[in-house]
There are 2 protein chains.
Amino acid sequence: MNETIQTMLQHRSIREFKERPLTREELEAIIQSAQAAPSSSFVQAYSIIGIRNQETKEQLAQLAGNQPYVAHNGHLLVFCLDLHRLELAAGLEGVPVEETLTALQSVETFLVGTIDAALAAQNAVTAAESLGLGTVYIGGLRNQLPQVTELLKTPDRVIPLFALCIGEPAQPSAVKPRLPMAAVYHEEEYRPDLSHMELLQAYNGQMSRYYTERTAGSRAEGWTGTIARQLKNPKRLYMKELLGSRKLPLS
Amino acid sequence: MNETIQTMLQHRSIREFKERPLTREELEAIIQSAQAAPSSSFVQAYSIIGIRNQETKEQLAQLAGNQPYVAHNGHLLVFCLDLHRLELAAGLEGVPVEETLTALQSVETFLVGTIDAALAAQNAVTAAESLGLGTVYIGGLRNQLPQVTELLKTPDRVIPLFALCIGEPAQPSAVKPRLPMAAVYHEEEYRPDLSHMELLQAYNGQMSRYYTERTAGSRAEGWTGTIARQLKNPKRLYMKELLGSRKLPLS
């Protein structure tokens, strides 16, 4: 087991950071690692917005559901799907915008940009953790995207997907047990449901013990309980409409 | 610059592999690293299908556009968005399926699962490369998804997103220059277009030299040229319909 794999296996989200800002060297190593990630057909369809300004951080923290670590960290990165740059590129080549719309508005291109952004982000996480820093993704950034896009001045076809808080950990945190490998990793073809169900039930016991220990018994939910609760309470149902209003109708 | 960051910065796609199959130890380190990636609200909404069977590999290679390295590698992984497992989880908790549909069919949940799958996949890439193995993502897996889902027996709400070929590199390959950091990394807010255009033009020169050197002059396209060509030739426009037919109408 080498150091790189050890770094990844030791990943846990950090939700309390020291106030020390990242150095320029740390930041550049993280962004360069992000950019070194593969990109579908080399479109590099994402942008990263780095936030140091405390007031902007406070506003984003509030918009993302009042998570204090969004305001208090060493650096805050916002990862965006960016199809606007592709538009500019085609414009530079003299291609009329109408000839690009079918591609730009497709589910396929949306998927490509979203995957590109996530691959880059995960390299950023690994780079940060290899430097002894902690991280946490903020999906809550999507809670109120109209306000976020206004604050960050993102043009149409640029969608902030999630944020990433980075900084020196100020809090101990444990690695959370993942689904059993046999529930996630299938050999040759997708596995039938029966063994899947048994694996999920075994995992419930494991997660329930994990939460019980960490919350002194106040939370003892299994994994399927967490999932059921989430599915009964759907989030961010405005997303399709928001994307349409930003010229991404997903056709 | 530590070893982990060096590994990521040295990433280049490998398109020719030795036939040596991955060992069980290599495979487990790669899958465990993938599973250690963060997951939005811990939903872990992805599955990985590992293919060793040569016939299946050949069929997938053909479906993905006749790329020989899809058939010839040390191991082939197919990363899938998996909302079917969430359905099973809610079922185990006795939640009627109708109460889960709004969440399961939403753009938001589709986004969550797609990002989860990509984060896991990028950890797999970093793990493999840290072991001295090479990798290449196969977006062409989406060329003919109905046939792919039939071959891999994926149920509704499980969508193969891309494949990842892994193996011992049998071919030298160079790191491709990325967009300038200033074109991708914005400080405090999204950058206005003017400097963006200048950066893209400078990058065109760099990419054109890169391709000229590597193709003995037969390809000298700049980056914006590549993008314009791609946007004029939209791919996989059946994706929205395909998702609808798999009970993911993206509402």
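Values in this document were obtained by computation on a predicted structure and should not be read as measured data.
With no hydrogens or angles considered, a side-chain donor-acceptor pair links A:Thr4 and B:Thr4 at under 3.5 Å. Side chains of A:Tyr203 and B:Gln44: a donor on one and an acceptor on the other come within 3.5 Å.
Both the backbone and the side chain of A:Leu131 come within less than 4.5 Å of a heavy atom of chain B. Using a 4.5 Å cut-off between heavy atoms, B:Leu243 touches chain A through its side chain atoms alone. Only the side chain of A:Leu77 comes within less than 4.5 Å of a heavy atom in chain B; its backbone stays farther off. Heavy-atom distances place both the backbone and the side chain of A:Leu86 under 4.5 Å from chain B. For B:Ile227, the part sitting under 4.5 Å from any heavy atom of chain A is the side chain, from C-beta outward, and nothing else. Using a 4.5 Å cut-off between heavy atoms, B:Asp116 makes no contact with chain A at all. In this structure, chain B has a heavy atom under 4.5 Å from the side chain of A:Leu161, while its backbone stays farther away. Interface remark: B:Ser106 contributes side-chain atoms only to the contact with chain A (heavy atom separation under 4.5 Å). Heavy atoms closer than 4.5 Å to chain A are found nowhere in B:Pro160, neither backbone nor side chain. Contact annotation for B:Pro180: only backbone heavy atoms (N, CA, C, O) come within less than 4.5 Å of a heavy atom of chain A. Only the side chain of B:Asn204 comes within less than 4.5 Å of a heavy atom in chain A; its backbone stays farther off. Contacts of A:Val95 with chain B are made by side-chain atoms alone, with heavy-atom separations under 4.5 Å and no backbone atom involved. Both the backbone and the side chain of A:Ile49 come within contact range of chain B, judged by heavy atoms closer than 4.5 Å. When heavy atoms are compared at a cutoff of 4.5 Å, A:Val175 does not approach chain B at all. Only the side chain of A:Asn2 comes within contact range of chain B, judged by heavy atoms closer than 4.5 Å.
With sequence neighbours left out, A:Glu108 forms a salt bridge (charged side-chain N to carboxylate O under 4.0 Å, His left out) with B:Arg142, B:Arg236.
Annotation for B:Glu28: atom CD counts as buried by contact number, over 12 foreign heavy atoms lying within 6.0 Å. For A:Gln54, the CD atom sits in a packed shell: over 12 heavy atoms of surrounding residues, nucleotides or ligands are nearer than 6.0 Å.
With respect to chain A, the highest number of heavy-atom pairs below 4.5 Å among B:Val184, B:Leu152, B:Asn233, B:Asn123 belongs to B:Val184. Taking A:Thr7, A:Leu111, A:Thr226 one by one and counting their heavy-atom pairs under 4.5 Å with chain B, the maximum is reached by A:Leu111. For the set A:Thr126, A:Val112, A:Val125, the entry with the most heavy-atom pairs within less than 4.5 Å of chain B is A:Thr126. Put simply, of A:Ala117, A:Ser47, A:Ala29, A:Ser251, the one with the most heavy-atom pairs under 4.5 Å next to chain B is A:Ser47. Each of A:Met1, A:Glu99, A:Gln10, A:Lys176 has some count of heavy-atom pairs under 4.5 Å with chain B, and the biggest count is that of A:Lys176. With chain A as partner, the option from B:Gln32, B:Lys153, B:Met239 having the largest number of non-hydrogen pairs under 4.5 angstrom is B:Lys153. Ranked by heavy-atom pairs under 4.5 Å with chain A, the first of B:Ser40, B:Gly139, B:Ala120, B:Ala37 is B:Ala37. Comparing A:Ser130, A:Pro234, A:Ala118, A:Gly222 by heavy-atom pairs within less than 4.5 Å of chain B, the highest count is held by A:Ser130. Your options are A:Ser39, A:Ala103, A:Ala127, A:Pro38, and the one with the most heavy-atom pairs under 4.5 Å with chain B is A:Pro38.
Nearest approach of B:Gln230 to A:Ser41, heavy atoms of both residues: NE2-O, 3.2 Å. Residue A:Thr56 comes nearest to B:Glu188 through the heavy atom pair OG1-OE1, 4.3 Å, listed as atom of the first residue, atom of the second, then distance. Residues B:Leu179 and A:Gln35 approach most closely at O-NE2, 2.9 Å, considering heavy atoms. Nearest heavy-atom pair across A:Met8 and B:Ala36 is O-CB, 3.3 Å. In terms of heavy atoms, B:Pro177 sits closest to A:Phe42 at O-CZ, 3.3 Å. Heavy atoms only, all atoms of each residue included: B:Ala90 and A:Ala228 are closest at CA-CB, 4.0 Å.
In this structure, the side chain of B:Arg85 engages the main chain of A:Ala183 through a donor-acceptor pair within 3.5 Å. Not a single donor-acceptor pair under 3.5 Å links the side chain of B:Trp223 to the backbone N or O of A:Ala89. Panel note: side chain A:Gln122, backbone B:Gln122; no donor-acceptor pair is recorded below 3.5 Å.
Between B:Asp82 and A:Tyr190 the shortest side-chain heavy-atom distance falls below 4.5 Å. No side-chain heavy atom of A:His186 sits under 4.5 Å from any side-chain heavy atom of B:Ile48.
Here A:Ile5 contributes atom CD1 and B:Glu26 contributes atom CD; the two are 9.0 Å apart, rounded to the nearest 0.5 Å. Between atom CG of residue A:Leu88 and atom CG of residue B:Leu199 there is a gap of 11.0 Å, rounded to the nearest 0.5 Å.
Within the structure, the ring pair (Phe, Tyr, Trp, His ring centres under 6.0 Å) test picks out the following pairs touching residues 109-138 of chain A (sequence neighbours left out): A:Tyr137-A:Phe162.
A salt bridge links A:Glu187 with B:Arg24: at least one charged nitrogen is closer than 4.0 Å to a carboxylate oxygen.
Of the residues listed (B:Thr100, B:Leu101, B:Thr102), the one engaging A:Leu231 in a side chain to side chain contact (heavy atoms under 4.5 Å, CB included) is B:Thr100, and it is the only one.
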**Item:** CA sep, side-chain torsions, deciding dist, call: A:Leu250, B:Lys240, side chain to side chain contact (heavy atoms under 4.5 Å, CB included)
**Value:** CA-CA 8 Å; A:Leu250 303 193; B:Lys240 184 183 186 169; 5.7 Å; no
